[in-house]
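Here's the structure we're looking at; comments come further down.
We name chains A, B, ... by the order of the sequence lines, and we start the count at 1 in each one.
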Protein chains: 2
Amino acid sequence: MALEHAILVSLLEKPGSGYELARRFERSIGYFWTATHQQIYRVLKRMEGDGWVDVREVPQEGRPDKKEYSVAPLGQTALSQWLHEPSGPESVRHDLAVKIRGAAFDDPTALIHEVERHRQTHTDRLAHYLAGERRDFTGPEGPGPPDAGRELQHVVLRGGIEYERMMLGWLDDVLATLHRLASKH
Amino acid sequence: MALEHAILVSLLEKPGSGYELARRFERSIGYFWTATHQQIYRVLKRMEGDGWVDVREVPQEGRPDKKEYSVAPLGQTALSQWLHEPSGPESVRHDLAVKIRGAAFDDPTALIHEVERHRQTHTDRLAHYLAGERRDFTGPEGPGPPDAGRELQHVVLRGGIEYERMMLGWLDDVLATLHRLASKH
DNA sequence: GCGGCCATGTAACCTGTTACATGATTCT
DNA sequence: AGAATCATGTAACAGGTTACATGGCCGC
């Protein structure tokens, strides 16, 4: 399992509460690892029990108090160990591909709207990624030391961007195929 | 959930046993939806109880008897209904991206081997997909009616091919980044 | 007053993974 | 003799999803 490790990475980048982690899993990290707040609270509690993270109660004004988590030495070790062991092939789950093959036994044209909907979400995400790239990764690299973290975050973001571009191209191919099938009958 | 639906599509393409389905989930269908045989037997039993599939005991010589499943009318209806409802955004799980961001807090160069390993599996898969495309989707379309099923299977395969190409490009980018970080210190 | 954000959780349930179990046949 | 393939399953556990629950503050 790797949710624990994703949380460790996020907390190393910046300590925060379960709620804040949940928000991050809807944004940056969520682009390659999804998790709900229930899942996060559950795992965080286990990690606390295992001594992977430290907790600090932070009283707040005007809003509920929060528990700020940060990575403990044991967590560092666990992460390092995980980084050094090979990870298997990722399991894939593409509803849309199943639907496209299933459409052969139903009305293929009925899928056009669904595919267009997906196309829209990928367009939006691409725009969002590109905005993030412009915001965080343009300008001079600075005269200081080359920031490894920054470079690595950037290359992951580039992966997201390429993924969205690939998907848009493929979805156009899918739409063209569906339209061809529609006109041929 | 869509494992049920993936099974329905597979059985519509060709009826078969649980074992045969498990094999298909290692090949063609497995490219966009993974499942183990245990999972398949469990779900198949539920689908049988729900009247989505019919079973036929097939005695065999020289090998164990098998149960051949095929889609029942209720299953057809269920599939059709699923095809017409929108599906949410797919949940993503990319260990490698987590590891890359995590590498900022460890030794980034240690990841090089892991990334190269992934690169190799993607190279292999691409070759495999391309071989499948040559085998199944070359030659004249034939003078007969345009086969919707064939066209749709092909467009899904093209998606797989584009995905692998994108991944190879990105992994090269990742490797270049890791090497750059390694040389700068 | 209503909806949304911040913040934390519990409980039930459904899915997915790993390990174990059996047994005949075919190939090397 | 040993390994691989065909064929079906059970059991235990880990991980993920959905629904429910609470409660103050802020803006419209």
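Judged as a salt bridge (charged side-chain N to carboxylate O under 4.0 Å, His left out), and not counting sequence neighbours, A:R42 has no contacts.
Only B:S17, B:G18, B:Y19, B:R23, listed by number, bring a heavy atom of residues 5-29 of chain B to less than 4.0 angstrom from any atom of DNA chain D. For residues 38-60 of chain B, proximity to DNA chain C is found at B:Q38, B:Q39, B:R42, B:R46, defined as any non-hydrogen atom under 4.0 angstrom from a strand atom.
Position along DNA chain C of the nearest nucleotide to A:K67 versus A:S91 favours A:K67 as the more 5'-ward residue.
One can place CZ of B:R93 at 11 Å from P of C:dG16, the figure rounded to the nearest angstrom.
For the residue pair A:S87 / B:E114, a side-chain donor-acceptor distance below 3.5 Å is found, with atom types taken as modelled. A donor-acceptor contact closer than 3.5 angstrom is absent between the side chains of B:S91 and A:R93.
First and last contacts of DNA chain D with chain B, using any nucleotide atom under 4.0 Å from a protein heavy atom and ordered 5' to 3', fall at D:dT5 to D:dG16.
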Could you pull out every donor-acceptor pair under 3.5 Å between side chains of residues 55-80 of chain B and any protein atom, sequence neighbours left out?
{"from": "B:R56", "atom 1": "NH2", "to": "B:E68", "atom 2": "OE1", "distance (Å)": "3.0"}
{"from": "B:Q60", "atom 1": "NE2", "to": "B:P64", "atom 2": "O", "distance (Å)": "2.7"}
{"from": "B:D65", "atom 1": "OD1", "to": "B:Q60", "atom 2": "N", "distance (Å)": "3.0"}
{"from": "B:K66", "atom 1": "NZ", "to": "B:E20", "atom 2": "OE2", "distance (Å)": "2.8"}
{"from": "B:T77", "atom 1": "OG1", "to": "B:P73", "atom 2": "O", "distance (Å)": "2.9"}
{"from": "B:S80", "atom 1": "OG", "to": "A:D106", "atom 2": "OD1", "distance (Å)": "2.8"}

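A side-chain hydrogen bond (donor to acceptor under 3.5 Å, both in side chains) with A:Y31 holds for exactly one of A:R125, A:E26, A:H128; it is A:H128.
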Report the C-alpha separation of A:E4 and A:R46 in whole Å, then their side-chain angles, then the decisive distance to 0.1 Å, and conclude whether the salt bridge (charged side-chain N to carboxylate O under 4.0 Å, His left out) test is met. CA-CA 9 Å; A:E4 276 129 319; A:R46 183 173 64 219; 3.0 Å; yes
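Here B:K45 contributes atom NZ and B:D50 contributes atom CG; the two are 14.0 Å apart, rounded to the nearest 0.5 Å.
In this structure, B:W170 and A:V155 have side chains that are in contact, with non-hydrogen atoms separated by less than 4.5 Å.
Using cut-offs of 30° and 60° for the angle between ring planes, the B:H5 and B:W82 rings count as parallel.
In the displayed structure, A:H84 atom NE2 is contacted under 6.0 Å by more than 12 heavy atoms of other residues, nucleotides or ligands.
Two end axes, each from the C1' atoms of five base pairs, can be drawn for the helix from C:dG1-D:dC28 to C:dT28-D:dA1; they diverge by 40°, to 10 degrees.
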